[in-house]
Visitor: 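Quick one: the structure is below, and I'll ask about it shortly.
Computation of the quantities below employed the complete heavy-atom set of this structure, encompassing side-chain atoms and omitting hydrogens, waters and symmetry-equivalent molecules.
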Amino acid sequence: MSFVTTSAETTPESPAAPGPLPLAGLLVVGLEQAVAAPIATRHLADLGARVVKVENPRGGDMARSYDGAWHGEIGAHFAWLNRGKESFAVNLRDPRGAAALEELVARADVVVQNLAPGAAARRGLAAEQLHARYPRVVAVDISGYGEGGPLSHKRAYDLLVQSESGSCAITGHEGHPAKAGIPLADIGGGMYTLTSVLAALYARNATGRGAAIQVGLFDAAVEWMGYALNYTMGSGLVQEPNGVSSPAVAPYGNYRTADDQVLVVGTTNNGEWQRLAREVLGRPDLADDKRFTENDDRVRERAPLDVEIAAWARTVTLADAREQLDKAGIGNARLNTVPDVIDHPHLAARDRWREVASPAGPVRAVLPPPVNKDWAFPMGEIPAVGQHNEAILRELGRSPDEIAALRADGVI
């Protein structure tokens with residue numbers, strides 16, 4: 001097995017065959033757990049990089065055992081974030097394990113870690129340390145709160161960061177804050193890691209040098225709080241959350257239909273409001289009502305406006321409502337449950353689902369969001385703990401006897 005990924009050859013007889021993925025040939029090492037680092041490295045794997053996931057030989061990534069959602073063995077988070085990776089499970093407290101990892105990162109193009117605060121630095125694996133030893137490497141430290149502040153030492157999980165960043169305060173209803181259902185702090189940190197890595201690799205093409213990068217989940221979440229922060233800084237006011245709606249625009253909310261479905265309607269400008277009132281609601285009186293002329297007016301008078309729209313929604317089925325709204329060019333959606341999304345006809349029609357292999361059996365996965373006719377995403381297997389130990393150690397020059405000794409001593 002080579003550290004360089006090669007693509008299948010195309011022939012004149014197969015001109016439509018996809019070409020190599022954009023990151024083919026790159027080696028990524030992830031000292032990773034939970035969500036933030038694994039989502040970044042999985043996207044790198046989707047784009048063609050070879051990703052080696054470094055795990056504890058005693059159980060591996062803690063997300064493996066969050067639940068047994070798949071086949072009673074594989075956690076839902078782990079299945080989502082770790083397909084297409086190789087698992088190298090090694091005891092870093094043993095000098096032989098630490099030496100093997102050092103040889104691996106010496107060959108790497110990218111190293112991403114989100115270990116507990118201070119853990120990577122104690123082992124010489126923090127981004128600045130790695131970049132000093134290997135100037136071409138792009139190394140990223142993902143932490144909860146970044147470096148240099150009073151919270152930098154703290155452990156940080158998604159709920160904690162959502163709370164600290166204010167996200168929970170603008171979610172839910174007035175007096176009833178809520179965590180966003182998706183782990184937005186973790187995902188935000190992972191996505192800023194991904195974009196930073198791609199930018200640093202691009203710069204390396206010109207300079208020959210990699211980079212040492214730090215990404216904080218708190219900083220990512222605060223960045224995503226941009227609208228709320230700017231509104232309050234600019235106006236001096238604090239908007240209250242209002243559930244499946246937005247404090248910024250109106251009408252913008254959810255309404256129950258005659259067939260007991262939940263219709264979501266969104267308008268973003270005065271023209272859309274006029275079409276909604278005149279063409280859909282059949283209420284020119286509302287369109288001409290001075291209380292609703294501008295968006296600020298409609299936000300202020302949201303309650304009576306919602307009463308009128310809700311009364312209309314109770315007279316139509318979801319299908320009829322959506323047909324009328326589409327005809328008028330008004331944004332709308334159905335408020336779907338998780339099972340609804342799994343069976344969503346839009347995903348099926350666009351062939352977005354794939355089956356991914358795992359040690360416990362097949363797992364369903366959605367294709368990565370980017371669509372390019374020349375990219376065939378590998379959708380590789382979800383690895384077992386240490387599944388690739390022997391192959392990686394052979395690449396690092398270990399003999400069969402040395403590998404056997406490492407196994408016997410519990411190093412792998």
Visitor: For a quick check under 3.5 Å, do Ser143 and Asp141 share a side-chain donor-acceptor pair by atom type?
Guide: no

Visitor: Just how far is it from atom CG of Leu217 to atom CG of Leu160, taken to the nearest 0.5 Å?
Guide: 10.5 Å

Visitor: Can you tell me how far apart CD (Glu55) and CG (Asn389) are? Round to the nearest 0.5 Å.
Guide: 9.5 Å

Visitor: Under a 4.0 Å threshold between the charged nitrogen and the carboxylate oxygen, would Asp296 count as salt-bridged to Arg300?
Guide: no

Visitor: Yes or no on salt bridge (Lys or Arg N to Asp or Glu O under 4.0 Å) for Lys154 and Glu164, after CA distance, side-chain angles and deciding distance?
Guide: CA-CA 12 Å; Lys154 294 178 69 68; Glu164 197 77 42; over 6 Å; no

Visitor: So which heavy atom on Gly190 is nearest to which on Ala40, and how close?
Guide: O-CB, 3.4 Å

Visitor: Could you check if a side-chain atom of Val110 sits within less than 4.5 angstrom of a side-chain atom of Leu26, using non-hydrogen atoms only?
Guide: no

Visitor: Just wondering, more than 12 heavy atoms not from Glu301 lying within 6.0 Å of its CD?
Guide: yes

Visitor: Check whether His388 reaches the backbone of Ser87 with its side chain - one donor and one acceptor, N or O, closer than 3.5 Å.
Guide: yes

Visitor: May I have the step-by-step check of salt bridge (Lys or Arg N to Asp or Glu O under 4.0 Å) for Lys327 and Glu279, ending in yes or no?
Guide: CA-CA 9 Å; Lys327 185 177 179 180; Glu279 300 176 27; over 6 Å; no

Visitor: Do side-chain atoms of Arg398 reach the backbone of Ile403 as a donor and acceptor pair under 3.5 angstrom?
Guide: no

Visitor: Do Arg298 and Thr267 pair up side chain to side chain, a donor and an acceptor below 3.5 Å, judged on atom types alone?
Guide: no

Visitor: Is any NZ, NE, NH1 or NH2 atom of the basic residue among Glu395 and Arg107 found under 4.0 Å from an Asp or Glu carboxylate oxygen of the other?
Guide: no

Visitor: Quick test of your reading of the model: are Arg96 and Glu402 salt-bridged, counting only N-O distances below 4.0 Å?
Guide: no

Visitor: How close do Asp186 and Ile39 get, counting heavy atoms only, and between which atoms?
Guide: O-CG2, 4.5 Å

Visitor: Look only at the side chain of Arg334 and the backbone of Asp340, and say whether a donor-acceptor pair between them is shorter than 3.5 Å.
Guide: no

Visitor: Determine the interplanar angle of the Phe292 and Trp273 rings, folded into 0 to 90°, and report it as parallel if under 30°, tilted if 30 to 60°, perpendicular if over 60°.
Guide: perpendicular

Visitor: Would a distance-only check, ignoring hydrogens and angles, find a side-chain to backbone donor-acceptor pair under 3.5 Å from Asp61 to Ala34?
Guide: yes

Visitor: Is Lys53 close to Thr41 at the side-chain level, that is, under 4.5 Å between some pair of heavy atoms?
Guide: no

Visitor: Given side chains that start at C-beta, do those of Arg123 and Leu101 come closer than 4.5 Å, heavy atoms only?
Guide: no

Visitor: Thr257 and Thr317: side chain to side chain contact (heavy atoms under 4.5 Å, CB included), yes or no, with the steps?
Guide: CA-CA 5 Å; Thr257 60; Thr317 65; 5.7 Å; no

Visitor: Could you go through the side chain to side chain contact (heavy atoms under 4.5 Å, CB included) check for Met379 and Leu367 one step at a time?
Guide: CA-CA 8 Å; Met379 305 298 283; Leu367 282 167; 4.0 Å; yes

Visitor: Work out which heavy atom in Leu393 is nearest to a heavy atom in Ile412; give both atom names and the distance.
Guide: CD1-CD1, 3.8 Å

Visitor: Does the pair Arg302 and Leu305 meet the rule for a side chain to side chain contact (heavy atoms under 4.5 Å, CB included), with working shown?
Guide: CA-CA 5 Å; Arg302 184 190 304 274; Leu305 197 53; 5.7 Å; no

Visitor: Starting at CD1 of Ile142, measure out to OG of Ser196 and round the result to the nearest 0.5 Å.
Guide: 9.5 Å

Visitor: Hey, can you tell me if His346 and His344 have their rings parallel, tilted or perpendicular (30° and 60° cut-offs)?
Guide: perpendicular

Visitor: Is there a donor-acceptor contact under 3.5 Å from the side chain of Arg352 to the main chain of Pro368?
Guide: yes

Visitor: Is the side chain of Asn295 donor-acceptor paired with the backbone N or O of Asn269 at a distance under 3.5 Å, no angle test?
Guide: no

Visitor: Does any non-hydrogen side-chain atom of Gln162 lie less than 4.5 Å from one of Thr171?
Guide: no

Visitor: Considering non-hydrogen atoms only, spot the tightest contact between Gly380 and Val356 and give its length.
Guide: O-CG1, 3.1 Å

Visitor: Tell me the closest heavy-atom pair linking Gly266 and Tyr252, and the distance in Å.
Guide: CA-CD1, 3.6 Å

Visitor: Is there a side chain to side chain contact (heavy atoms under 4.5 Å, CB included) between Asp409 and Asn91 once you walk through the steps?
Guide: CA-CA 10 Å; Asp409 294 342; Asn91 181 0; over 6 Å; no

Visitor: Mind checking the CD1-CD spacing from Ile392 to Glu86? Nearest 0.5 Å is all I need.
Guide: 5.0 Å

Visitor: Does Asn332 use its side chain to pair, donor to acceptor, with the backbone of Glu323 at less than 3.5 Å?
Guide: no

Visitor: Can you tell me how far CD1 of Ile213 sits from NE2 of His131, rounded to the nearest 0.5 angstrom?
Guide: 9.5 Å

Visitor: How far apart are the closest heavy atoms of Asp158 and Leu184, and which atoms are they?
Guide: OD1-N, 3.4 Å

Visitor: Taking the side chain as every heavy atom from C-beta outward, state whether Arg204 and Asp109 have any pair of such atoms under 4.5 Å apart.
Guide: yes

Visitor: Looking at side-chain heavy atoms only, is the closest gap between Arg322 and Leu263 below 4.5 Å?
Guide: yes

Visitor: Any chance you could measure Leu23, atom CG, to His43, atom NE2, to the nearest 0.5 Å?
Guide: 12.5 Å

Visitor: What donor-acceptor contacts under 3.5 angstrom involve side-chain atoms of residues 67-81, with partners at least two apart or in another chain?
Guide:
from: Asp67; atom 1: OD1; to: Ala69; atom 2: N; distance (Å): 3.0
from: Asp67; atom 1: OD1; to: Ala76; atom 2: N; distance (Å): 2.9
from: His71; atom 1: NE2; to: Pro362; atom 2: O; distance (Å): 2.6

Visitor: Is a salt bridge present between Asp260 and Arg256, judged by a nitrogen-to-oxygen distance below 4.0 Å?
Guide: yes

Visitor: How about Leu125 and Gln113: do any of their side-chain heavy atoms sit closer than 4.5 Å?
Guide: no

Visitor: Given side chains that start at C-beta, do those of Glu32 and Lys85 come closer than 4.5 Å, heavy atoms only?
Guide: yes

